[in-house]
Amino acid sequence: MHDSNYIKIFTGNFITVQRILSELENINVTAVIKDESESGRLAGFGASIQGQQELYVHKDELDKAIVIVETINASLKA
């Protein structure tokens with residue numbers, strides 16, 4: 001996703017990514033999930049890091065998205 005209007009806001013496991021995605025949808029922020037291990041599996045190749053997903057948002061929605069990511073990260077560390 002080079003030279004894109006989308007910015008990576010989080011990398012983590014499926015469960016955490018889905019939780020963040022759900023919260024982003026609640027505030028009408030559209031996110032894109034990139035899962036190289038799943039893409040590789042579907043194409044018949046392996047991926048170097050299994051189970052890691054990346055979450056991207058449009059740069060215009062970055063400020064709202066970062067608040068959600070920071071809040072969820074803080075709750076996971078508590």
Side-chain angles (χ1 to χ4, degrees):
M1 289 195 163
H2 299 289
D3 297 329
S4 172
N5 287 326
Y6 284 83
I7 299 170
K8 181 169 55 171
I9 60 166
F10 184 77
T11 300
N13 65 51
F14 173 82
I15 294 170
T16 306
V17 168
Q18 291 301 313
R19 181 173 174 196
I20 294 170
L21 182 64
S22 175
E23 293 296 324
L24 291 173
E25 288 173 349
N26 287 341
I27 61 168
N28 297 317
V29 172
T30 302
V32 175
I33 298 173
K34 181 178 178 185
D35 186 339
E36 288 193 18
S37 62
E38 181 64 10
S39 296
R41 183 189 69 79
L42 292 171
F45 303 105
S48 59
I49 301 176
Q50 295 292 329
Q52 293 292 303
Q53 296 182 330
E54 298 174 344
L55 197 56
Y56 292 81
V57 295
H58 194 273
K59 64 182 179 183
D60 293 341
E61 299 179 314
L62 180 62
D63 293 337
K64 294 190 287 186
I66 290 297
V67 172
I68 297 294
V69 171
E70 289 174 349
T71 301
I72 290 175
N73 273 336
S75 73
L76 292 174
K77 292 179 183 178

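Basis for what follows: all heavy atoms, side chains included, without hydrogens, waters or symmetry-related copies.
The hydrophobic clustering, which links ILVMFWY residues whose side-chain heavy atoms are closer than 4.5 Å, places Y6 and L24 apart.
One finds the NE2 atom of H58 at 10.0 Å from the OG1 atom of T30 (value rounded to the nearest 0.5 Å). Here the CD1-CD1 distance, from I68 to I27, works out to 4.0 Å after rounding to the nearest 0.5 Å.
Taking D63 as the reference, nothing meets the side chain to side chain contact (heavy atoms under 4.5 Å, CB included) condition, with sequence neighbours excluded. Taking E54 as the reference, K8, T11, K34, Y56 meet the side chain to side chain contact (heavy atoms under 4.5 Å, CB included) condition, with sequence neighbours excluded. Residues that satisfy the side chain to side chain contact (heavy atoms under 4.5 Å, CB included) test with I66, not counting sequence neighbours, are I9, L62, E70.
Minimum interatomic distance between K59 and I7 (heavy atoms only, all atoms of both residues): CB-CD1, 3.5 Å. Across all non-hydrogen atoms, the minimal contact from A31 to L55 is CB-CD1, 3.8 Å. In plain terms, the two heavy atoms of A65 and V29 that are nearest each other are CB-CG1, 4.5 Å. Taking both residues in full, the closest heavy atoms of N13 and T16 are given as OD1-N, 2.8 Å, listed atom of the first, atom of the second, then distance. Nearest approach of S75 to R19, heavy atoms of both residues: OG-NH2, 3.3 Å.
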Worksheet entry | Evaluation steps, side chain to side chain contact (heavy atoms under 4.5 Å, CB included), between I20 and Q53 | CA-CA 12 Å; I20 294 170; Q53 296 182 330; over 6 Å; no

Practice prompt. Verify side chain to side chain contact (heavy atoms under 4.5 Å, CB included) between D35 and F14, making sure each step is shown before the conclusion.
Written response: CA-CA 9 Å; D35 186 339; F14 173 82; 5.9 Å; no

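Checking side-chain atoms of S22 against main-chain N and O of Q18 turns up no donor-acceptor pair under 3.5 Å.
Annotation for L76: atom CG counts as buried by contact number, over 12 foreign heavy atoms lying within 6.0 Å.
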